2 protein chains.
Amino acid sequence: MNNMAKTENTEFKIVEAATAVFVHKGFDGARMQEIADKAEINKAMVHYYFRTKQKLFERVFENVFEVVAERISSSLETSKSIEELLENITGTYFNVLAEKPYIPDFVIHELNRNPELIVHIIKTRGINQAKLSELIITEIQSRRLKPFDPVQIIVNVLALTIFPFAASSIIKGFIFEGDAGKYDKFVNERRQHIIDFVKSAIFKDQKT
Amino acid sequence: MNNMAKTENTEFKIVEAATAVFVHKGFDGARMQEIADKAEINKAMVHYYFRTKQKLFERVFENVFEVVAERISSSLETSKSIEELLENITGTYFNVLAEKPYIPDFVIHELNRNPELIVHIIKTRGINQAKLSELIITEIQSRRLKPFDPVQIIVNVLALTIFPFAASSIIKGFIFEGDAGKYDKFVNERRQHIIDFVKSAIFKDQKT
DNA sequence: AACTGGTTTAACCAAATAGTTAAATCGTAT
DNA sequence: ATACGATTTAACTATTTGGTTAAACCAGTT
């Protein structure tokens with residue numbers, strides 16, 4: 001093993017650069033030359049380390065997805081009650097997406113472009129949706145929650161949390177007519193709003 | 001004006017074909033040759049009628065967006081109460097998106113790729129969000145609704161309705177593990193679920 | 001100092017792709 | 001029938017793009 005440090009460094013720089021380009025331009029819009037430029041290396045190096053654009057893309061997608069999945073999963077583990085769970089999921093998504101708001105569009109678009117591949121990539125890192133459903137069902141049976149379908153509730157939380165980031169351009173452009181400040185305020189307030197809104201919807205005893 | 005019929009027919013065929021290709025592959029993934037093939041004409045014709053890929057794309061985007069905006073707008077006009085409005089918006093989106101489920105990803109992705117252009121295109125066909133907010137504010141003041149921010153409520157309804165279509169691959173792939181039948185059932189039930197869920201969240205007097 | 005094996009570079013290649021052009025065709029009005 | 005302008009086609013071009021190659025360049029090893 002000789003110049004391992006150099007190797008790992010170059011590989012890292014390529015993945016970093018490739019991530020930046022792929023997430024913003026998508027697979028089709030990304031250019032190997034741009035990735036090389038951003039990594040400040042020769043284009044041949046990109047192929048030397050990853051052979052094809054496809055293979056490099058797969059590595060990038062796995063990375064991006066893993067970061068999100070890990071943080072969500074660990075927040076699921078530590079939650080005991082529905083309230084805590086709701087707050088943890090929403091909070092975690094907000095933290096991740098405030099940092100990397102391009103993720104929803106990236107994941108959704110590439111997933112639609114090539115469902116088989118991406119589903120296969122993600123399957124290995126499944127989020128334990130089962131535990132979530134169980135908790136909700138138990139709470140419904142104990143009559144604390146209204147009898148909504150647990151799956152619908154889960155999708156609702158995801159939708160309420162992720163959509164504003166995916167559609168930020170639409171919201172910015174239309175509802176706030178380009179005023180970035182108003183949009184930021186909206187996003188900040190939204191974290192708590194989602195929690196209040198969902199609780200208000202699912203609990204039988206309400207807290208105005 | 002001689003062969004106008006032929007002209008309009010060719011132009012129509014091009015737009016139809018271009019729409020199909022653009023919405024599924026995006027601007028970057030679309031190929032002029034594929035559009036020509038699908039329209040069963042020579043590739044030069046596409047350029048003869050639209051000069052550039054960019055111009056053709058703009059025409060397609062305007063069309064796609066107009067169809068949606070028109071149907072949503074007209075459903076807003078005819079609604080008097082909050083309940084009716086909620087049912088109309090949700091129902092209209094469901095009708096449109098069940099037909100054209102690729103629209104959310106298409107619009108979101110192209111909007112993120114080139115916000116200035118697309119926002120400019122859409123601005124001319126603004127949806128009157130003002131009227132919506134007003135109605136909500138009035139209802140909050142008359143104490144029928146809980147005092148949520150009207151803008152948040154509007155975004156919630158959009159999120160709950162649009163997200164499952166944008167993220168259908170994710171939902172299909174993970175939550176239902178590839179079972180298309182379960183997903184269809186889920187979508188069918190969702191139309192009513194959203195209405196119940198939102199009502200349960202925003203109204204002070206609840207109907208379990 | 002010469003050898004070795006991984007790393008890096010410049011130059012190159014073949015395919016793909018948006019866009020062009022000039023000639024052919026077609027319908028219509030004279 | 002013929003002339004005219006719009007439409008259509010086949011062939012072509014320039015450029016971009018993913019990918020390759022062969023030679024140069026290191027950094028340790030002997």
Side-chain angles (χ1 to χ4, degrees), chain A residues 1-63 106 109-110 113-114 117-118, chain B residues 1-63 106 109-110 113-114 117-118:
Chain A
M1 331 267 100
N2 31 15
N3 5 8
M4 228 14 175
K6 214 185 236 169
T7 289
E8 273 169 21
N9 186 39
T10 306
E11 193 172 326
F12 180 77
K13 274 175 13 185
I14 294 173
V15 174
E16 287 284 284
T19 303
V21 175
F22 277 131
V23 297
H24 285 115
K25 313 216 164 171
F27 181 85
D28 291 323
R31 295 290 161 251
M32 296 300 269
Q33 187 60 59
E34 191 183 349
I35 292 171
D37 291 347
K38 187 156 275 178
E40 294 178 291
I41 49 150
N42 191 288
K43 179 164 73 80
M45 291 297 283
V46 185
H47 286 98
Y48 177 71
Y49 279 88
F50 293 93
R51 279 186 48 80
T52 65
K53 186 182 182 183
Q54 181 66 30
K55 285 195 193 337
L56 175 57
F57 174 81
E58 285 171 25
R59 167 73 157 271
V60 166
F61 192 95
E62 283 170 24
N63 274 195
F106 175 62
H109 186 68
E110 297 304 333
R113 207 178 52 87
N114 193 347
L117 168 74
I118 309 286
Chain B
M1 334 271 99
N2 30 15
N3 1 8
M4 227 14 174
K6 212 185 237 172
T7 289
E8 272 169 23
N9 186 38
T10 305
E11 192 171 328
F12 179 77
K13 273 174 18 183
I14 294 173
V15 173
E16 287 285 283
T19 303
V21 176
F22 277 131
V23 297
H24 285 114
K25 313 215 163 172
F27 181 85
D28 290 323
R31 297 291 161 249
M32 295 299 268
Q33 186 60 60
E34 191 183 348
I35 292 170
D37 291 347
K38 187 157 275 179
E40 293 178 293
I41 49 149
N42 190 287
K43 180 166 72 77
M45 291 296 284
V46 184
H47 286 98
Y48 176 73
Y49 279 88
F50 294 93
R51 282 187 48 77
T52 65
K53 187 183 181 182
Q54 182 66 31
K55 285 194 192 341
L56 175 57
F57 174 80
E58 285 171 26
R59 168 71 158 273
V60 166
F61 193 94
E62 282 170 25
N63 275 192
F106 175 63
H109 186 68
E110 298 303 334
R113 205 177 57 85
N114 193 346
L117 168 74
I118 310 287

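Here is the naming used below: chain letters follow the sequence lines, and residue numbers restart at 1 for every chain. Only a predicted model underlies this, so the values are computations on that prediction, with no experimental measurement involved.
Per the geometry, CE belonging to A:M32 stands 17 Å off P belonging to C:dA16, to the nearest Å. Atom pair A:H47:NE2 and C:dA10:C1' shows a separation of 16 Å (rounding to whole Å applied). Here the C1' atom of nucleotide C:dT25 and the OH atom of B:Y48 are 13 Å apart, to the nearest Å. We find that OH of A:Y49 is positioned 8 Å from C1' of C:dT8, with the value rounded to whole Å. Separating the NZ atom of B:K53 from the P atom of C:dA16 is a distance of 16 Å, rounded to the nearest angstrom. A:I35 places its CD1 atom 14 Å from the C1' atom of D:dG19, with the value rounded to the nearest Å. The CG-P distance, from A:N42 to C:dC12, rounds to 14 Å in whole Å. Between B:M45 atom CE and C:dT25 atom P the separation is 15 Å, expressed in whole Å.
Within the 4.0 Å cut-off from OP1 or OP2 of C:dA18, at least one side-chain nitrogen or oxygen of B:R31 is found. Distances shown here put every side-chain N or O of B:T52 at or beyond 4.0 Å from the OP1 or OP2 atom of C:dA18.
One distance of note links CD1 of B:I14 with CD of B:E40; it measures 12.5 Å at 0.5 Å rounding. The CE atom of B:M45 lies 5.0 Å from the OG1 atom of B:T10; values are rounded to the nearest 0.5 Å.
At a cut-off of 3.5 Å, with distance as the only test, a side-chain donor of B:Q33 or B:D37 sits close to an acceptor on the other residue.
Note on B:A30: only backbone sugar-phosphate atoms sit closer than 4.0 angstrom, heavy atoms only; bases stay farther off.
Of the possible polar contacts, one joining the B:K53 side chain to the B:A30 backbone as a donor-acceptor pair under 3.5 Å is found.
If B:A44 and A:K43 are placed on DNA chain D by their nearest nucleotide, the residue sitting closer to the 5' end is B:A44.
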